[in-house]
Amino acid sequence: MTPAIKSLEEYHKVYQRSIDLPEAFWAEVANDFQWRKQWDKVLEWDFKKPEVKWFDGGELNITENCLDRHLITQPNKKAIIWESNDPSEPSVTYTYRELHAKVCELANVLKSLGVQKGDRVCIYMPMIPELTMALLACARIGAVHSVVFAGFSARSLADRINDADAHLILTADGAYRGAKSIDLKAIVDEALADCLGVRSVLVYQRTNTPITMQPGRDLRWHDEIAKVDNLCEAVTVSSEDPLFILYTSGSTGKPKGIMHTTAGYMVHTAYTFSNVFQYQPDDIFWCTADIGWVTGHSYIVYGPLLNGATVLMFEGIPTWPNNGRFWEVIDKHKVSIFYTAPTAIRSLMAGEHSPKATHKLDSLRILGTVGEPINVEAWEWYHEHVGKGNCPIVDTWWQTETGGIMISPLAGITPTKPGFATLPLPGIQPALLSEKGEEILVNGEEGRLCIKFPWPGMARSIWGDHNRFRETYFSAFPNYYFTGDGCRRDLDGYYRITGRVDDVIIVSGHNLGTAEIENAIDEHELVIETAVVGYPHELKGFAVYAFVVLLSEAKGADEEQLRKEINEFVSRIIGPIAKADKIQFVTGLPKTRSGKIMRRILRKIAEGETDNLGDTSTLLDPGVVEEIRKGRV
Ligand code: 7RM
């Protein structure tokens, strides 16, 4: 690997060069990898179509770069240290040699099940090493993985399986999550009633919960592995062949299958891992995300393994069996880089508890956050009580669509300010746009965060819907990629993300589309119409507030019972993460004459701002607002 940037002065120099000569800059990074064939052209792009190609004409296999390459230099280095949900279950490690063999075995199973290059494989699994192996086994044979977070419902899973047209599902009998367990196989069975294209289900045994196996379709992981050997030549793929699809919530009800391709994503995740975290070969790196989200893809699987790092993988949750679990794991495995979400920090800082008083935490060198804006109080608590005042914090801003980190300090190099993601990484060209679509060039202003030049890790499309890709990201501001975030650039040129400006709410670090929740609530037989907005919440960052219009038949019904039923619907249709925190029954929603719901007004009411609702003159029936305001829950 090209050595990471070592000083602020060097950062400024490299950044300038990456803007002046982007192709030369990224080609140099790409040269660090193992290619089967050198690319013909570093970059081709047109944000109007949009079409972006990095390292076109090149051929490679990303797993050779994650695994085979390290077998020569460090076969016995630990690749994965796995820590169970249950503190009394022994941890498990895999060296690079062992991981390579496991991935090859599983890849052979996939081949035996008829999976071919370009086929989509859906992965619905707990946080166990086999999940990492599953992603890499797909990549080994050029199949496209589509991981669905194991907290999603059968309905959400079915939608994603069908959208990607996956014929094979990798799953487990169940998943442990704190004191609970989730019957994954039962959820898969329910989903598959609506997925006619699925031919096989491979089931890993984790919880030993009784499951039903459908003959001819369902196979046991252990049985199939026993039939194959552990040699599997990596399939050659082209730079722009798809590596994975990952679904994310959007402004409309239908989740978007964000599609990433191979070479650019590889270059971006590897480069950012090494530079942002200032990775050193003896580091133990722990990212607490689930692999079901992009953070897990890029910074549990690809980024660390591409760098030959040792990565800790944790099956459990921060609050079980108690609030000290994270700190215990850090001490047990001597974690040196710890990367987590503000929502986890907020939930652990409640009360008087100070981790530094009860745990050593002396292996920690660098801390990171991702997923939502971090409030100054949480930042300072993290710095003081986890980092003991001497670990730099990297507040990393990025998205599923960006593939890897975009705006972030370089640990220990970029001077930090609480709440600021600070400066763009080399190769990244952010821009703030005014609502009129003009680029804001001065500092000290807020605008819509856009990116004006391609970067290797960027998504290339929405699976099966390139039009929607253009509409969502490239139409608000022609020739710019629009992130959906608001952002302020201060007088020092530092970026501070202020939050979503569209209909996505980030609840405990999970992105939820308001339309998706509304659709789920509307499925209740007594519901006519729903409007969902977010409101600030101390622990979750934002919480879900639903305004629900009921049919007249519902008059006199038990409201508490109805609220319960509605949330059961949401849970069943989307997943428990999307439940509404507050449900207010109303007789009508504030609408414009053209029939648009005025969410701005509902947002204010949900926030508790009931006096200053702004301009309500375009409302069809201003009386409705008065009623909603009075009935706030
Ligand atoms: C990596 C990830 C993306 C959205 C993004 C932002 C928000 C992420 C930060 C942040 C403020 C941060 N992908 N976001 N990181 N906001 N500071 N450091 O989270 O696709 O799931 O979400 O998350 O709104 O657009 S994601």
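As the structure is a prediction and not an experimental result, all values here were calculated from the model.
The minimum heavy-atom distance between S298 and P304, with the atom names listed, is O-CD, 3.6 Å. The two residues I573 and A520 make their nearest non-hydrogen contact at CD1-O, 3.8 Å. In terms of heavy-atom proximity, F542 sits nearest to G534 at CD2-C, 4.0 Å. Y265 approaches G403 most closely through the heavy-atom pair CE1-O, 3.5 Å. Of all the heavy atoms in M313 and I128, the pair that sits closest is CE-O, 2.9 Å. Nearest heavy-atom pair across V370 and W398 is CG2-NE1, 3.2 Å.
When only modelled atom types and interatomic distance are considered, N76 and T95 share no side-chain donor-acceptor pair under 3.5 Å. Side chain to side chain, R120 and S146 fail the donor-acceptor criterion of an N or O pair below 3.5 Å. The closest side-chain donor-acceptor pair between D86 and S84, if any, does not fall under 3.5 angstrom. Between the side chains of Y299 and T396, no donor-acceptor pair is found at a separation under 3.5 Å. Between D229 and N108, the side chains place a donor N or O and an acceptor N or O closer than 3.5 Å (distance only, hydrogens not considered). A donor and an acceptor atom, one from each side chain of D163 and Y247, are located under 3.5 Å apart.
Remark: D283 CG to T310 OG1 distance equals 9.0 Å, nearest 0.5 Å. With values rounded to the nearest 0.5 angstrom, Y271 atom OH is found 12.0 Å from I405 atom CD1. In this structure, the separation between CG on N375 and CE on M349 is 6.5 Å, given to the nearest 0.5 Å. In this structure, CG in D183 is found 11.5 Å from CD in E190, a value given to the nearest 0.5 Å. One distance of note links OG of S112 with NZ of K227; it measures 7.0 Å at 0.5 Å rounding. Between D395 atom CG and Y382 atom OH the span is 10.5 Å, to the nearest 0.5 Å.
You'll find the side chain of I462 reaches within 4.5 Å of the side chain of I258, heavy atoms only. Put simply, the side chain of D485 reaches to within 4.5 Å of the side chain of R500, judged on heavy atoms. With contacts defined as side-chain heavy-atom distances shorter than 4.5 Å, the pair M266/L243 does not qualify. Side chains of L71 and R97 form a contact here, defined as non-hydrogen atoms less than 4.5 Å apart. Looking at L136 and Y302, their side chains come closer than 4.5 Å, going by heavy atoms from C-beta outward. I366 places none of its side-chain heavy atoms less than 4.5 Å from the side chain of C391. With contacts defined as side-chain heavy-atom distances shorter than 4.5 Å, the pair I291/M127 qualifies. Within the 4.5 Å cutoff, the side chain of H359 has no heavy atoms near those of the I330 side chain.
Between Y339 and F277, the ring center distance clears the sub-6.0 Å criterion.
Checking side-chain atoms of S249 against main-chain N and O of N511 turns up a donor-acceptor pair under 3.5 Å. Panel note: side chain T340, backbone C287; no donor-acceptor pair is recorded below 3.5 Å. In this structure, the side chain of D173 does not engage the main chain of Q205 through any donor-acceptor pair within 3.5 Å. Proximity of a side-chain donor or acceptor of N307 to a complementary backbone N or O of A309 within less than 3.5 Å is not detected. Of the possible polar contacts, one joining the K77 side chain to the P281 backbone as a donor-acceptor pair under 3.5 Å is found. Remark: the backbone N or O of T343 is paired with a side-chain donor or acceptor of E372 at under 3.5 angstrom. In terms of modelled atom types and a separation under 3.5 Å, the side chain of H145 and the main chain of L246 share no donor-acceptor contact. Judged by distance alone, with hydrogens and angles left aside, the side-chain atoms of T272 form a donor-acceptor pair with the main-chain N or O of T269 at under 3.5 Å. Between the side chain of E380 and the backbone N or O of E377 there is no donor-acceptor pair closer than 3.5 Å. The backbone N or O of K256 sits nowhere less than 3.5 Å from a side-chain atom of T248 that would complete a donor-acceptor pair.
Residue-environment remark: CD (E538) stays at or below the threshold of 12 foreign heavy atoms within 6.0 Å. Within 6.0 Å of NZ on K117 lie more than 12 heavy atoms contributed by other residues, nucleotides or ligands. Counting non-hydrogen atoms of other residues, nucleotides and ligands closer than 6.0 Å to NZ of K78 gives a total of 12 or fewer. Within 6.0 Å of CZ in R69 there are more than 12 heavy atoms belonging to other residues, nucleotides or ligands.
Taking the six-membered ring where the residue is Trp, H70 and Y96 present perpendicular rings, their angle passing 60° and hence far from 30°. Taking the six-membered ring for Trp and thresholds of 30 and 60 degrees, H297 and F244 have ring planes inclined between 30 and 60 degrees apart.
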Does K540 form a side chain to side chain contact (heavy atoms under 4.5 Å, CB included) with D581? I'd like the steps, not just the answer.
CA-CA 11 Å; K540 302 180 177 194; D581 297 84; 2.6 Å; yes
Residue pair C104, L231: steps toward the side chain to side chain contact (heavy atoms under 4.5 Å, CB included) verdict:
CA-CA 6 Å; C104 288; L231 300 171; 5.9 Å; no
For V103 and M133, what are the C-alpha separation, side-chain angles and deciding distance, and is it a side chain to side chain contact (heavy atoms under 4.5 Å, CB included)?
CA-CA 5 Å; V103 168; M133 293 165 197; 4.3 Å; yes
Hey, mind stepping through Y204 and H222 against side chain to side chain contact (heavy atoms under 4.5 Å, CB included) and telling me if it holds?
CA-CA 7 Å; Y204 187 84; H222 298 78; 3.9 Å; yes
Under the criterion salt bridge (Lys or Arg N to Asp or Glu O under 4.0 Å), I'd like the reasoning laid out for K334 against D282: C-alpha separation, chi angles, the key distance, then a yes or no.
CA-CA 11 Å; K334 310 243 171 306; D282 56 356; over 6 Å; no
Determine, stepwise, if the pair D241 / T262 fulfils side-chain hydrogen bond (donor to acceptor under 3.5 Å, both in side chains).
CA-CA 6 Å; D241 279 344; T262 306; over 6 Å; no
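Looking at residues two or more places apart in sequence or on another chain, you find a salt bridge (Lys or Arg N to Asp or Glu O under 4.0 Å) between R325 and E83, E328. Looking at residues two or more places apart in sequence or on another chain, you find a salt bridge (Lys or Arg N to Asp or Glu O under 4.0 Å) between K185 and D189, D218.
Results of the side-chain contact (heavy atoms from CB on, under 4.5 Å) test with W286 over I81, V329, I300 single out V329 as the only residue that passes.
Salt bridge annotation for E384-K356: present, with a cationic side-chain nitrogen under 4.0 angstrom from a carboxylate oxygen. Ionic pairing of R206 and E89 is present here: one or more N-O contacts between side-chain nitrogen and carboxylate oxygen are shorter than 4.0 angstrom.
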